[in-house]
Number of protein chains: 2
Amino acid sequence: MVTKQFTGSPDEADLRRADSLAREIFADVANKWALLIIEALGERTLRFSELLGEVEGISHKMLTQNLRMLERNGLAHRKVHPTVPPRVEYSLTEPGLALRRTVDTMCDWTHRYLGHIEASRSRFDA
Amino acid sequence: MVTKQFTGSPDEADLRRADSLAREIFADVANKWALLIIEALGERTLRFSELLGEVEGISHKMLTQNLRMLERNGLAHRKVHPTVPPRVEYSLTEPGLALRRTVDTMCDWTHRYLGHIEASRSRFDA
DNA sequence: CAGGATCCTACTGGATACTG
DNA sequence: CAGTATCCAGTAGGATCCTG
């Protein structure tokens, strides 16, 4: 489980707070776009427009929204070059890189079980 | 990236198909409820009603929906006991267990960086 | 080029009631 | 108890227009 149960311990309130925070973070991060962005940024630093092309199917709006969220949580770093036209580069922070490693294993998993899953689907759909 | 680019190879069509399948599976699995259910089932086999209680905040409908999806993809196994009242038990299959390991590391990640993230949020919100 | 704001649609997901 | 069906509200998310 994401959350562990603490009952009756001294600073129970603090622990419950950490608990709900953990759930919030998990909900932030456990979504398709966020994970795909993290995966893309793991390769190298990317500009906004590059990400838009790199993350298959994402819209302008969703990209901005998720980048803000990642920045707020300290997973991505936003570097603005004060040039004209503006140039903004996104990269992963240490926590972001750590998360990226687990996303990697998720991608590996996907490819490893592709066959199993496709077979299971055919069986189920029958 | 989830998807790798193959261009000009012999059976390019097959690879593109596998590609889009991979993205589909990733989208199925990379969602809050699916991951939380997998995490819960990792502990032990659970009945429908037990899952409902175990997965914090999930609704009846979302649970059914996600369980069907997990079953279809061959990640969860559904065992019906022909008793009355009915008793249905869900457990993880081998692929499901494998995925569960990566979900575990994601949960660990969440708890490890809780402090970093909370601090980053305060900074950002100011 | 990066990205905010707005509008609008479509789907997600909750509550509730019904069946085996 | 497990699961389906229906209805409905909220929101995710696309398209578009506008600024520095």
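Source: prediction; values computed, not measured. Lettering of chains follows the sequences in order, A, B, ..., and the numbering in each one begins at 1.
Distances shorter than 4.0 Å separate some side-chain N or O of Arg78(B) from OP1 or OP2 on dG3(D). OP1 and OP2 of dA2(C) both lie 4.0 Å or more from every side-chain N or O belonging to Thr64(A).
Protein atom CG of Leu51(B) is 9 Å distant from nucleotide atom P of dA2(D), rounded to whole Å. Rounded to a whole Å, the CG atom of Asn31(B) is 12 Å from the P atom of dG13(D). Note: CG (Asn66(A)) to C1' (dA2(C)) measures 16 Å, nearest angstrom. The distance from atom NZ of Lys32(B) to atom P of dT11(D) is 13 Å, rounded to the nearest whole Å. Atom-to-atom, NZ of Lys61(A) to C1' of dA5(C) comes out at 9 Å; the value is rounded to the nearest Å. The OH atom of Tyr90(B) sits 7 Å away from the C1' atom of dA2(D) (whole-angstrom rounding). Rounded to whole Å, the distance from CG on Leu67(B) to C1' on dG13(C) is 15 Å. Between Arg87(A) atom CZ and dC1(C) atom P there is a gap of 11 Å when expressed in whole angstrom units.
Under the 3.5 Å distance criterion, the side-chain polar atoms of Trp33(B) are left unmatched by any main-chain donor or acceptor of Val55(B). Looking only at distances, a side-chain donor or acceptor of Thr93(A) sits under 3.5 Å from a matching main-chain atom of Leu75(A). Remark: the backbone N or O of Arg68(B) is not paired with any side-chain donor or acceptor of Glu71(B) at under 3.5 angstrom.
A residue-by-residue look at Glu50(B) and Ser59(A) shows that Glu50(B) has its nearest nucleotide of DNA chain D further toward the 5' end. Position along DNA chain C of the nearest nucleotide to His60(B) versus Gln65(B) favours Gln65(B) as the more 5'-ward residue.
Among all heavy-atom pairs drawn from Trp109(A) and Pro95(B), the shortest one is NE1-O, 3.0 Å.
Taking only side-chain atoms of Phe48(A), from C-beta outward, the nucleotide of dA2(C), dA2(D), dG13(D) with the closest atom is dA2(C). With distances taken from any side-chain atom of Ser49(B) to the nucleotides dG3(C), dA15(D), dA2(D), the minimum falls on dA2(D). Side-chain proximity of Arg68(B) to dG3(D), dA2(D), dA2(C): nearest is dG3(D).
In summary, the side chains of Tyr113(B) and Glu94(A) do present a donor paired with an acceptor at a separation below 3.5 Å, with no hydrogens or angles considered.
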